[in-house]
Amino acid sequence: MGDQVRRNMPLFPIGIIKQLTELSARQVRYYEENGLITPARSEGNRRLFSFNDVDRLLEIKSLLERGVNLAGIREIFEMKERGISVPNLHYKTEPSEGDIHKNLKKELYQAGRFGKTSLIQGELSRFFN
DNA sequence: GTTCTGACA
DNA sequence: TGTCAGCA
């Protein structure tokens, strides 16, 4: 069994996700409505999340904290799926809204120039400092 | 006990 | 986003 398939295996119910991501069930469901995540379903229609879903949610949380809205996050994910790299979206300090837009624009531009290399991943490492 | 959908004093 | 209802 490859790691890839392991990471995509539907394992946790929303309760576990709440603890792992510190997001409310309401938020998680809302993100699903907006196409940011697509968790599997159990026979009883319960959502089952994979490790990839957890990473995805942590990334959504991170981007949201930087002022990116759901539509923006959706576009960032779409670009990734198209193989375009989306570097340095991890700021240490909180930039102004203007800076966010300026930097996002610059980063997306650079992403287009340099091939695909750095993707934001390994969010789970936060739990294993 | 937990999760789901829909709705909003 | 929170929270409550009414189910499964």
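Here is the naming used below: chain letters follow the sequence lines, and residue numbers restart at 1 for every chain. All values below come from the heavy atoms of this structure, side chains included, with hydrogens, waters and symmetry mates left out.
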Quick one, A:Ile17 and A:Leu57 - any side-chain contact, counting heavy atoms below 4.5 Å?
yes
Would you check if there is a donor-acceptor pair between the side chains of A:Ser62 and A:Glu65 at a distance under 3.5 Å?
no
Under a cut-off of 3.5 Å for both distances of each Watson-Crick or G-U pair, what dot-bracket string does DNA chain C give, using [ ] for crossing pairs and | for inter-strand pairs?
.|||||.|
Do NZ/NE/NH1/NH2 and the carboxylate oxygens of A:Asp55 and A:Arg7 come within less than 4.0 Å?
yes
Would you verify whether the NZ or CZ of A:Arg6 falls within 45 degrees of the ring axis of A:Phe51 while also being under 6.0 Å from that six-membered ring's centre?
no
Does the pair A:Glu59/A:Lys80 count as a salt bridge with the N-to-O cut at 4.0 Å?
yes
Does a side-chain N or O from A:Tyr31 land closer than 4.0 Å to OP1 or OP2 of C:dT1, or not?
yes
Distance, rounded to the nearest Å, where A:Asn34 contributes CG and C:dT1 contributes P
11 Å
Counting N and O atoms only, with roles assigned by atom type, does the side chain of A:Arg56 sit under 3.5 Å from a partner on the main chain of A:Leu36, one being a donor and the other an acceptor?
yes
Hey, are the side chains of A:Asp53 and A:Phe12 touching, using non-hydrogen atoms and a 4.5 Å cut-off?
no
Return yes if some donor-acceptor pair links the side-chain N/O of A:Gln27 with the main-chain N/O of A:Ser24 below 3.5 Å, else return no.
yes
Figure out the CG/C1' separation between A:Leu64 and C:dT1, and round it to whole Å.
12 Å
Strictly under 4.0 angstrom, non-hydrogen atoms only: write out the protein contact profile of nucleotides 3-9 of chain B, one letter per nucleotide from the 5' end, B, S or -.
BSB-B--
